[in-house]
Undergrad: 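Sharing a structure with you now.
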Amino acid sequence: MIKSRIGCLIIHGFDVTTLDVEPLSKYLQSKGFITFCPSLKCSMENRRVFPNANYKDWLESAELGLYYLKSRCKDVVIIGLYMGALIALNFATRFKNIGVVTINAPIYHWDVKNMYYNILLDFKRKNFTNVKRYVKLSTKISIPELINFKLLIEKTKHILEMVKTPVFIAQGLKDDTVNYKSAEYIYKKVSSNIKVLKYYEKINPDLFVYTDNNLLFEDVEKFIKQIIKRENGVSNKFLPNYTYLDRIYNSLLKDVSW
């Protein structure tokens with residue numbers, strides 16, 4: 001088999017399933033890319049099957065997917081959503097790839113200001129949806145899982161300077177599970193000559209909701225195509241390195257800086 005197409009490994013987050021990254025996968029497939037979304041041992045269904053799995057097992061289950069994709073493609077772009085973004089950054093230092101995309105990587109887990117704001121809204125509207133969600137989240141993750149999650153975050157922090165391939169860092173500003181300052185931390189720490197940081201108003205964990213996700217998909221596609229052109233020596237043009245000061249994102253930042 002002649003391997004000529006570009007593959008995209010799309011890694012989901014903790015306690016979700018491959019269905020959560022399916023919209024991005026289908027979008028990239030429609031643009032001519034081969035995609036593969038491995039089911040991690042920390043997925044919603046696999047947590048019950050592998051109750052004693054640790055973060056190394058989570059990495060291993062994603063690694064098997066990467067090997068499969070590499071057997072079918074010429075080059076691979078590694079994409080991770082939430083905890084999957086931590087795995088993507090780790091893989092960037094261990095395996096040959098032409099680029100990495102991180103979406104809401106949780107270097108700083110939980111955004112207390114956003115949580116506080118959501119709770120105030122609950123009381124104002126007398127609708128306690130967010131309060132119930134926070135209680136559920138606090139009870140559904142076991143202590144060993146939480147420890148392993150923290151270990152993976154610390155491991156990722158220590159390897160960021162080893163990341164040298166092009167990186168696209170996407171971050172939702174109104175996400176209560178990931179502090180938006182995580183994105184800037186990654187941007188400053190990675191050693192990539194080409195690195196793009198872009199903020200979005202909100203990125204939903206399952207990628208099915210919010211119009212910002214359509215813009216995110218287009219930006220990911222644009223980033224990958226620019227990488228391919230660069231690899232082929234066709235174009236040196238790239239996305240702006242840093243969109244932090246863009247007017248629309250500045251206004252969004254003000255909204256979350258109460």
Side-chain angles (χ1 to χ4, degrees), residues 8 10-14 16 19-28 30-31 33 35 37 77-89 99-118 121 130 133 156 166-190 192 194-227 238-258:
C8 298
I10 307 176
I11 309 170
H12 66 73
F14 184 86
V16 294
L19 290 175
D20 294 86
V21 293
E22 188 176 292
L24 177 58
S25 177
K26 287 184 175 180
Y27 177 87
L28 292 174
S30 73
K31 303 301 178 181
F33 300 106
T35 67
C37 311
V77 175
I78 306 172
I79 304 170
L81 182 72
Y82 287 80
M83 192 208 72
L86 301 178
I87 296 177
L89 288 165
V100 176
V101 177
T102 71
I103 303 171
N104 283 15
I107 294 296
Y108 301 121
H109 198 222
W110 297 111
D111 190 318
V112 178
K113 286 184 178 180
N114 267 317
M115 291 176 67
Y116 178 68
Y117 179 72
N118 288 338
L121 283 180
N130 287 302
R133 180 165 61 90
T156 305
V167 179
F168 179 76
I169 305 160
Q171 178 65 50
L173 288 171
K174 295 183 179 179
D175 188 315
D176 49 12
T177 61
V178 178
N179 191 305
Y180 69 90
K181 293 180 181 178
S182 298
E184 188 171 5
Y185 182 93
I186 296 170
Y187 181 88
K188 289 180 176 178
K189 291 291 184 178
V190 295
S192 311
I194 296 171
K195 48 186 177 179
V196 179
L197 168 57
K198 189 163 185 180
Y199 292 98
Y200 302 81
E201 182 174 5
K202 191 164 186 177
I203 299 173
N204 203 56
D206 62 13
L207 295 182
F208 278 99
V209 193
Y210 303 112
T211 55
D212 256 14
N213 289 339
N214 297 325
L215 175 60
L216 170 65
F217 295 172
E218 292 171 3
D219 287 340
V220 171
E221 177 198 0
K222 189 186 299 183
F223 178 76
I224 296 171
K225 287 183 175 178
Q226 290 293 344
I227 290 172
F238 230 88
L239 294 171
N241 271 6
Y242 195 47
T243 58
Y244 187 93
L245 297 178
D246 188 284
R247 179 179 57 81
I248 184 170
Y249 301 112
N250 251 352
S251 65
L252 291 171
L253 279 170
K254 290 177 182 176
D255 289 342
V256 297
S257 300
W258 296 292

Undergrad: Would you please name every residue forming a side chain to side chain donor-acceptor pair (under 3.5 Å) with Ser182, sequence neighbours left out?
TA: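 By the side chain to side chain donor-acceptor pair (under 3.5 Å) rule, Ser182 matches no residue at all.
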Undergrad: Can you spot which of Val21, Ile11, Asn104, Thr102 makes a side chain to side chain contact (heavy atoms under 4.5 Å, CB included) with Tyr82?
TA: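 When side chain to side chain contact (heavy atoms under 4.5 Å, CB included) is applied between Tyr82 and each of Val21, Ile11, Asn104, Thr102, only Asn104 qualifies.
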Undergrad: Could you list the residues that satisfy side chain to side chain donor-acceptor pair (under 3.5 Å) with Lys31, not counting sequence neighbours?
TA: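 Residues passing side chain to side chain donor-acceptor pair (under 3.5 Å) with Lys31: none at all.
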Undergrad: To the nearest 0.5 Å, what is the distance between CG (Leu86) and CZ (Phe14)?
TA: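 Interatomic distance, Leu86 CG to Phe14 CZ, rounded to 0.5 Å: 12.5 Å.
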Undergrad: Shortest non-hydrogen contact from Ile227 to Gly99?
TA: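 Closest heavy-atom pair between Ile227 and Gly99: CD1-CA, 3.9 Å.
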Undergrad: CD/Glu221 to OG/Ser30 distance, rounded to the nearest 0.5 angstrom?
TA: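 Glu221 CD to Ser30 OG: 7.5 Å, rounded to 0.5 Å.
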Undergrad: Can you name the residues that form a side chain to side chain donor-acceptor pair (under 3.5 Å) with Thr35, not counting sequence neighbours?
TA: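 Side chain to side chain donor-acceptor pair (under 3.5 Å) check on Thr35 returns Ser25, Gln29.
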Undergrad: Enter the distance from Ile224:CD1 to Phe33:CZ here, rounded to the nearest 0.5 Å.
TA: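 Answer rounded to 0.5 Å: 5.0 Å.
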Undergrad: Distance from Leu89 atom CG to Ile107 atom CD1, nearest 0.5 Å?
TA: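 Answer rounded to 0.5 Å: 7.0 Å.
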Undergrad: Please check: side-chain N/O of Asp20 versus main-chain N/O of Gly13, any donor-acceptor pairing under 3.5 Å?
TA: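 Not confirmed, Asp20 side chain does not pair with Gly13 backbone.
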Undergrad: Taking Lys195 for its side chain and Tyr187 for its backbone only, find out whether a donor-acceptor pair lies under 3.5 Å.
TA: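 Checking the backbone N and O of Tyr187 against the side chain of Lys195, a donor-acceptor pair under 3.5 Å is found.
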Undergrad: Working to the nearest 0.5 angstrom, can you tell me the gap between Ile10 CD1 and Ile79 CD1?
TA: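 Reported to 0.5 Å precision, the distance equals 5.0 Å.
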Undergrad: State the CD-CG distance between Glu184 and Leu197, to the nearest 0.5 angstrom.
TA: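 Glu184 CD to Leu197 CG: 7.0 Å, rounded to 0.5 Å.
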Undergrad: How close do Ala105 and Gln171 get, heavy atom to heavy atom, and via which atoms?
TA: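 In terms of heavy atoms, the two residues are closest at N-OE1, 4.2 Å.
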Undergrad: For the residue pair Ile103 and Leu24, establish whether any side-chain heavy-atom pair is separated by less than 4.5 Å.
TA: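 Yes, close enough: below the 4.5 Å cut-off.
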Undergrad: Looking only at non-hydrogen atoms, find the nearest pair between Phe168 and Phe223 and report the distance.
TA: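 The pair with the smallest heavy-atom distance is N-CZ, 3.4 Å.
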Undergrad: Can you give me the closest heavy-atom contact between Tyr199 and Tyr180, atom names plus distance?
TA: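 So the two residues come closest at CE2-O, 3.9 Å.
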Undergrad: Does Lys222 come within less than 4.0 Å of Glu218, counting only side-chain N to carboxylate O?
TA: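 Salt bridge: no.
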